[in-house]
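Note: hydrogens, waters and symmetry copies are ignored here, and every other heavy atom, side chains too, is used.
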Amino acid sequence: MKTRVSSRVLSLQRTSLVVAVAACLATCPVGAQPGEVLARQIPAESGFKGGLVVLVGGRDANLAVSLGKAPNVLVHWLVRDGAGLADARREIRDAGVYGRVSVMAWDGSRLPYADSMVNLLVLHEDQGLRIDQNELARVRAPMGVLMHIRDGVRAGSYNRKPWPQDVDEWTHSRRDAAGNAVSKDRRAGPPRFIQWEALPRWNHGTKTSALVSARGRLFCILDDSHFASGNSSWSLITRDAYNGIRLWRHELPSWGGAKGGKKVGPAQVNRRLVAVGDRVYAPLGDGAPVSVLD
């Protein structure tokens, strides 16, 4: 029995290897630019799922453009060579991703971002970059990834910022399954600044129905239609908790929160959304069974 099991495992490993090689050949066409190859490798190898990408240094716009084609990514490129700024912007515009990808001249030691804002930080080492390690850690969000590029390829391993011990999660409508509604977060307090903002800016009537948080992401069920339209558009929306970038949006054909009542519909409707780890649990419609989303 052990021999048969081992043989099957080896067979599965060989099959997986063939599938992986085939997938790589399919997604990395012959003649692909180094930036395109890196843009495909980074999500697969680092676990990066979307959010704010910051590129520091480099001269080739190909990597910024390739990363910026993902629907849930915002790319900001800091170039050290101000003379090449106009060329970089022209390449980004020609690729049709300007706005989702932007570039600015930068020559300093402090990165121009709020604390804990960047999900993926990419440093080009071919221009003598010298940035303090504390600064690299400051701008990265918890679970944010740092990678180095040398001569057009990844140099060294990915560095992931650990989850801070003094930051809590709010996975259920009343914090957790116990329903105590008391957070263990040690950083929460009176607001001192705005980290980010996102639409809709005005939460009128029954707009927001449920809101939870897990692994640095906010999950909410809300009606994000324009308040003057007279229509409803209920969706399950996920944003990065540290920069507000929308990671995905799933439209709901109907939702109990639209029925009125205590500001957000029936009193129990906000309990229909739970997020634990990398899984989201919710009925994808009023009266629908619970679905599990990745």
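Qualifying side-chain contact (heavy atoms from CB on, under 4.5 Å) partners for D87, counting only residues two or more places apart in sequence or in other chains: R90. Residues that satisfy the side-chain hydrogen bond (donor to acceptor under 3.5 Å, both in side chains) test with D60, not counting sequence neighbours, are absent from this structure. Under the ring-ring contact (aromatic ring centres under 6.0 Å, His included) criterion, Y113 pairs with H76, not counting sequence neighbours. Under the side-chain hydrogen bond (donor to acceptor under 3.5 Å, both in side chains) criterion, Q133 pairs with no residue, sequence neighbours left out. In this view, R246 satisfies the side-chain hydrogen bond (donor to acceptor under 3.5 Å, both in side chains) rule with no residue, not counting sequence neighbours. For R160, the side-chain hydrogen bond (donor to acceptor under 3.5 Å, both in side chains) test picks out no residue, with sequence neighbours left out.
Connection of W234 to L211 is not established within any shared hydrophobic cluster, with ILVMFWY side chains joined at heavy-atom distances below 4.5 Å, either directly or through further cluster members. The hydrophobic clustering, which links ILVMFWY residues whose side-chain heavy atoms are closer than 4.5 Å, places W77 and L85 together. Under a hydrophobic clustering in which Ile, Leu, Val, Met, Phe, Trp and Tyr are joined whenever their side-chain heavy atoms come within less than 4.5 Å, directly or via other members, I149 and V145 fall into the same cluster. The hydrophobic cluster containing L218 does not contain I221, counting ILVMFWY residues as joined when their side-chain heavy atoms lie under 4.5 angstrom apart, directly or transitively. W255 and V280 fall within a single hydrophobic cluster, where Ile, Leu, Val, Met, Phe, Trp and Tyr are joined by side-chain heavy atoms under 4.5 Å apart, directly or via other members.
Between L136 and L123, some side-chain heavy-atom pair lies under the 4.5 Å cut-off. L293 is listed as a side-chain neighbour of W248, based on a closest heavy-atom distance under 4.5 Å.
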Chi angles and distances behind the side chain to side chain contact (heavy atoms under 4.5 Å, CB included) call for V56, L111
CA-CA 9 Å; V56 184; L111 296 170; 4.2 Å; yes

Decide salt bridge (charged side-chain N to carboxylate O under 4.0 Å, His left out) for D278 and R217; before the verdict, give the C-alpha distance in whole Å, the side-chain angles of both, and the deciding distance to 0.1 Å.
CA-CA 10 Å; D278 289 325; R217 292 164 293 199; 2.8 Å; yes

Applying side chain to side chain contact (heavy atoms under 4.5 Å, CB included) to R154 and E45, what does each step give before you reach the verdict?
CA-CA 11 Å; R154 178 169 62 84; E45 297 175 353; 3.4 Å; yes

I'd like to know whether Q195 forms a side chain to side chain contact (heavy atoms under 4.5 Å, CB included) with N243, so could you lay out the CA-CA distance, the side-chain angles of the two residues, the decisive distance to 0.1 Å, and finally the verdict.
CA-CA 7 Å; Q195 183 84 358; N243 51 50; over 6 Å; no

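Applying the ring-ring contact (aromatic ring centres under 6.0 Å, His included) test to every pair with at least one member in residues 166-193, sequence neighbours left out, gives no pairs at all. Within the structure, the side-chain hydrogen bond (donor to acceptor under 3.5 Å, both in side chains) test picks out no pair touching residues 62-72 (sequence neighbours left out).
Scanning both residues, A275 and V212, for their nearest heavy atoms gives CB-CG2, 3.8 Å. Here the closest non-hydrogen pair linking R272 and D286 is NH1-OD1, 3.3 Å.
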Could you go through residues 173-185 and list every donor-acceptor pair under 3.5 Å that involves a side-chain atom there, pairing it with any protein atom two or more places apart or in another chain?
| from | atom 1 | to | atom 2 | distance (Å) |
| --- | --- | --- | --- | --- |
| R174 | NE | G179 | O | 3.1 |
| R175 | NE | D168 | OD2 | 2.8 |
| R175 | NE | V182 | O | 3.3 |
| R175 | NH2 | D168 | OD1 | 3.3 |
| R175 | NH2 | D168 | OD2 | 3.2 |
| D176 | OD1 | A178 | N | 3.0 |
| D176 | OD1 | G179 | N | 3.4 |
| S183 | OG | D168 | OD2 | 3.3 |
| S183 | OG | D185 | N | 3.0 |
| D185 | OD1 | R187 | N | 2.7 |
| D185 | OD1 | A188 | N | 2.9 |
| D185 | OD2 | D168 | N | 2.9 |

Side chains of residues 91-106: which donor-acceptor pairs under 3.5 Å do they make with residues two or more places apart or in other chains?
| from | atom 1 | to | atom 2 | distance (Å) |
| --- | --- | --- | --- | --- |
| R100 | NH1 | G68 | O | 3.2 |
| W106 | NE1 | R110 | O | 3.2 |

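With a 4.5 Å cut-off between side-chain heavy atoms of Ile, Leu, Val, Met, Phe, Trp and Tyr, the cluster of V274 takes in V276, Y281, V290, V292. With a 4.5 Å cut-off between side-chain heavy atoms of Ile, Leu, Val, Met, Phe, Trp and Tyr, the cluster of Y242 takes in M143, W163, V167.
A side-chain contact (heavy atoms from CB on, under 4.5 Å) with L121 is found for exactly one of L146, N159, I131, namely L146.
The neighbour count for D166 CG, taken as heavy atoms of other residues, nucleotides or ligands under 6.0 Å away, is above 12.
Atom-to-atom distance recorded for I245:CD1 and L52:CG is 4.5 Å, nearest 0.5 angstrom. From K161, atom NZ reaches atom CZ of R138 across 9.0 Å, with rounding to the nearest 0.5 Å. Considering CG of L120 and CZ of R140, their distance stands at 10.0 Å, rounded to 0.5 Å.
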